[in-house]
J.: 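Shown below is the structure under consideration.
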Amino acid sequence: MQLRDVTEAIKVRIRNPAKLRNLELFLLLIAWAIGGAAMVLVQLGALQRIDIFPLQLAAGLGILTFAMHIALRVVAREADAIILPVATVLNGLGIAMIYRIDIGEGLTGWDSAAMRQIVWTALALVTAIAAIVLIRNHRVLARYRYVAMAVALILLVLPLIPGLGRTINGATVWISVGGFASFQPGELAKIALAIFFAGYLMTARDSLSVVGRRFLGIRFPRLRDLGPILLVWGMCMLVLVFQRDLGTAMLYFGLFLVMIYVATGRRSWMFIGVGLVAVGGVAAYFSLGYVQRRIHAWVHAFDPEVFLAPGGSYQIVQGVFGMAHGELLGTGLGLGRPGLTPYANSDYIIPSLGEELGLTGMFAILGLYLVLVSRGLRIGFQGPDDFTKLLGVGLAFVIALQVFIVVGGVTRLIPLTGLTTPFLAAGGSSLLANWLIVALLLRLSDSVRGRGIA
């Protein structure tokens, strides 16, 4: 009887990974079909003909995602089956919309953002495949938590180096790569920070969660235990001051705040974090002119003086009008005028998609992000150890927070920040970072399921 039970258990262990990978392949077929159909519809709507060359390039990306699927079959057979197809759909829709905006502006070849986006996507997929193959045990990353912290700090400082950093639209967050491309190292810094936070909180959670004094029914940490959160708060303020990048500062601090709350379960950390955000926000508003302009453009977007002022609300209003023009079902791919909004293929790609896909299309895209983030959180919360739990939650939350900051900014829920939309917006650094997050989540999920956790 015991031998039969063991045999059945072995059969289940063999069949389940095959089912997961087969499901993933089926969903990938759907993802490829959606991406290809979007490219064809863009061409029919904007050009009234079909150009084979861009479709061939998109097919090459499909081959790379298939190679990633094969790699998962070999080295991570029990990895999550939903994450890769969802990321593929989002990336494909982003390329189609960027290509559509290039057509409207008459851009071709390397001058077109779509061509650069395809090349960066290929590089990102190759990097993600390498990460899946080389990182067989993600727990070794915990040993290098302080190395990750040092790497994150170096990446943040790089744009401030004279001759290397580039200032675009007032923000110094890019570096020049070979004189022909720009790269935003802060996108990779968020992964390094997630690894550092997970490794640090794994070892310090007891002192951060148990020791402290009660006040108004809430246990607050000791003053000396406030060091980490004060350090991160100070780092975010420095990013805000020297790089003039409000969105990145919000992203880093929000990431640490959520991870420390997950690690300790103490509401006091949330109160302290919100208090520091309030103090930093008020100080930034009264001392930094560009923060004031962002707030005024947000609150008084439809004021004619703010609308016509340099750095005013022109972009915000154009994006809102574009989404309103899309109504419920959109104008159709290739049939709208998203190019009227500045930076329609990067900062404002969500309004561009909203105009041509409508409110229904935007809800579908946000639903895909919801699925992606929920799978990442599920992987984290089911992790068998603290490091896996914290890293999984941190990586998933950084995508969720970035989407919230971007969508909240373009819909006037919060001030506009200039962050890129994961997988959709034009930008090689964002693609590289987010595909690495996908690779790490897949590696974590294989470890979770490999221990018998569904």
Side-chain angles (χ1 to χ4, degrees), residues 17 20-21 24 64-88 91 120-152 154-155 185 187-203 255 259 372-373 375-399 422-423 428-453:
L20 286 173
R21 302 278 65 82
E24 181 181 74
L64 285 176
T65 56
F66 181 71
M68 191 169 179
H69 165 75
I70 295 300
L72 291 172
R73 281 188 179 270
V74 175
V75 300
R77 299 182 63 205
E78 298 187 70
D80 187 275
I82 310 296
I83 292 177
L84 176 58
V86 170
T88 301
N91 203 161
W120 276 111
T121 301
L123 179 61
L125 285 168
V126 171
T127 305
I129 293 171
I132 290 173
V133 173
L134 296 177
I135 303 176
R136 296 300 182 91
N137 182 6
H138 66 274
R139 294 175 188 84
V140 300
L141 297 175
R143 303 176 188 172
Y144 304 102
R145 52 188 178 272
Y146 292 109
V147 174
M149 180 188 69
V151 169
I154 292 172
L155 290 172
E187 288 285 347
L188 293 178
K190 65 187 181 184
I191 300 178
L193 284 174
I195 294 173
F196 164 66
F197 292 156
Y200 171 78
L201 294 172
M202 175 188 66
T203 58
L255 171 64
M259 291 183 69
L372 180 62
V373 171
R375 301 301 291 189
L377 292 175
R378 181 173 180 266
I379 292 166
F381 285 124
Q382 292 182 338
D385 56 85
D386 291 338
F387 182 74
T388 302
K389 185 187 298 291
L390 291 169
L391 184 58
V393 170
L395 293 174
F397 180 78
V398 79
I399 293 179
F423 301 104
S429 49
S430 177
L431 278 175
L432 192 62
N434 289 305
W435 274 108
L436 276 175
I437 289 176
V438 166
L440 289 173
L441 287 175
L442 289 171
R443 173 52 65 194
L444 265 62
S445 65
D446 180 63
S447 172
V448 170
R449 293 186 65 91
R451 288 175 172 263
I453 302 175

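Throughout, numbering of the chain's residues begins at 1 and tracks the sequence. These figures come from a predicted structure and were not determined experimentally. As a basis for the values below, the full set of heavy atoms in this structure was taken, side chains included, without hydrogen atoms, waters or symmetry mates.
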J.: Assess the residue pair Val448 and Glu78 against the criterion (side chain to side chain contact (heavy atoms under 4.5 Å, CB included)); give the C-alpha distance rounded to whole Å, side-chain angles, the decisive distance to 0.1 Å, and a yes or no.
T.: CA-CA 9 Å; Val448 170; Glu78 298 187 70; over 6 Å; no
J.: Which atom names give the shortest non-hydrogen contact between Val133 and Ala71, and what distance separates them?
T.: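 Taking every non-hydrogen atom into account, CG2-CB, 4.4 Å.
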J.: Could you tell me if the side chain of Val75 sits less than 4.5 Å from the side chain of Arg443, heavy atoms only?
T.: yes
J.: Mind checking the CZ-CE spacing from Phe196 to Met259? Nearest 0.5 Å is all I need.
T.: 10.0 Å
J.: To the nearest 0.5 Å, tell me how far Leu442 CG sits from Ile135 CD1.
T.: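 These two atoms lie 11.5 Å from each other.
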J.: Go through the steps to decide whether Ile83 and Ile379 satisfy the test side chain to side chain contact (heavy atoms under 4.5 Å, CB included), and finish with yes or no.
T.: CA-CA 11 Å; Ile83 292 177; Ile379 292 166; 3.7 Å; yes
J.: When you check the side-chain N and O atoms of Ser445 and Arg375, is any donor under 3.5 Å from an acceptor?
T.: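 Per modelled atom types, Ser445 and Arg375 side chains form no pair under 3.5 Å.
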J.: Kindly give the heavy-atom pair with the smallest separation between Leu390 and Met202, and that separation in Å.
T.: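 Leu390 and Met202 have their closest heavy atoms at CD1-N, 4.0 Å.
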J.: Looking at Asp386 and Lys389, does any basic side-chain N land under 4.0 Å from a carboxylate oxygen?
T.: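 No, no charged N to carboxylate O under 4.0 Å.
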J.: Atom CG in Leu64, atom CD1 in Ile129: separation rounded to 0.5 Å?
T.: 6.0 Å
J.: Nearest 0.5 Å, please: how far is CD1 in Ile437 from CG in Leu432?
T.: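 Interatomic distance, Leu432 CG to Ile437 CD1, rounded to 0.5 Å: 10.5 Å.
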J.: Could you report the tightest heavy-atom contact between Ala396 and Leu377, atom names first, then the distance?
T.: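 Where Ala396 meets Leu377 most closely, the heavy atoms are CB-N, 3.6 Å.
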J.: So which pairs with a foot in residues 428-448 pass ring-ring contact (aromatic ring centres under 6.0 Å, His included), sequence neighbours left out?
T.: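 As it turns out, the ring-ring contact (aromatic ring centres under 6.0 Å, His included) pairs with a partner in residues 428-448, which skip direct neighbours, are Phe423-Trp435.
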J.: In sequence, state the C-alpha distance, the side-chain angles, and the governing distance for Met68 and Val438, and then conclude on side chain to side chain contact (heavy atoms under 4.5 Å, CB included).
T.: CA-CA 11 Å; Met68 191 169 179; Val438 166; 4.1 Å; yes
J.: What is the distance from atom OG1 of Thr127 to atom CH2 of Trp120, rounded to the nearest 0.5 Å?
T.: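 Between Thr127 OG1 and Trp120 CH2, I get 9.0 Å after rounding to 0.5 Å.
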J.: Return the minimal non-hydrogen interatomic distance between Ala76 and Arg21, and the atom names on each side.
T.: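 What the structure gives for the nearest pair is O-NH1, 3.5 Å.
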J.: To the nearest 0.5 Å, what is the distance between OG1 (Thr88) and NE2 (His69)?
T.: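 One finds 11.5 Å between OG1 of Thr88 and NE2 of His69.
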J.: For Thr65 and Leu84, work out which heavy atoms get closest and say how close.
T.: O-CD2, 4.0 Å
J.: When you compare the side chain of Leu391 with that of Arg139, does any pair of heavy atoms fall below 4.5 Å?
T.: no
J.: Between the main-chain N or O of Ser430 and the side-chain N or O of Asn434, is there a donor-acceptor pair closer than 3.5 Å?
T.: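 Between the backbone of Ser430 and the side chain of Asn434 there is a qualifying donor-acceptor contact (under 3.5 Å).
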J.: So do His138 and Thr388 actually touch side chain to side chain, heavy atoms under 4.5 Å?
T.: yes
J.: By the definition side-chain contact (heavy atoms from CB on, under 4.5 Å), identify the one residue from Leu436, Asp80, Leu395 that meets it with Leu441.
T.: Leu395
J.: Under the salt bridge (Lys or Arg N to Asp or Glu O under 4.0 Å) definition, can you give me all pairs with a residue in residues 126-136, not counting sequence neighbours?
T.: none
J.: Would a 4.5 Å heavy-atom cut-off, applied to side chains only, mark Leu440 and Ile191 as touching?
T.: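 They are in side-chain contact.
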J.: Table please: side-chain donor-acceptor pairs of residues 141-149 below 3.5 Å, with sequence neighbours left out.
T.:
unit_1: Arg145; atom_1: NH1; unit_2: Ala142; atom_2: O; d: 2.7

J.: What's the shortest heavy-atom distance between Leu72 and Ala79, and which atoms?
T.: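 Between these two residues, the closest heavy atoms are CD2-CB, 4.2 Å.
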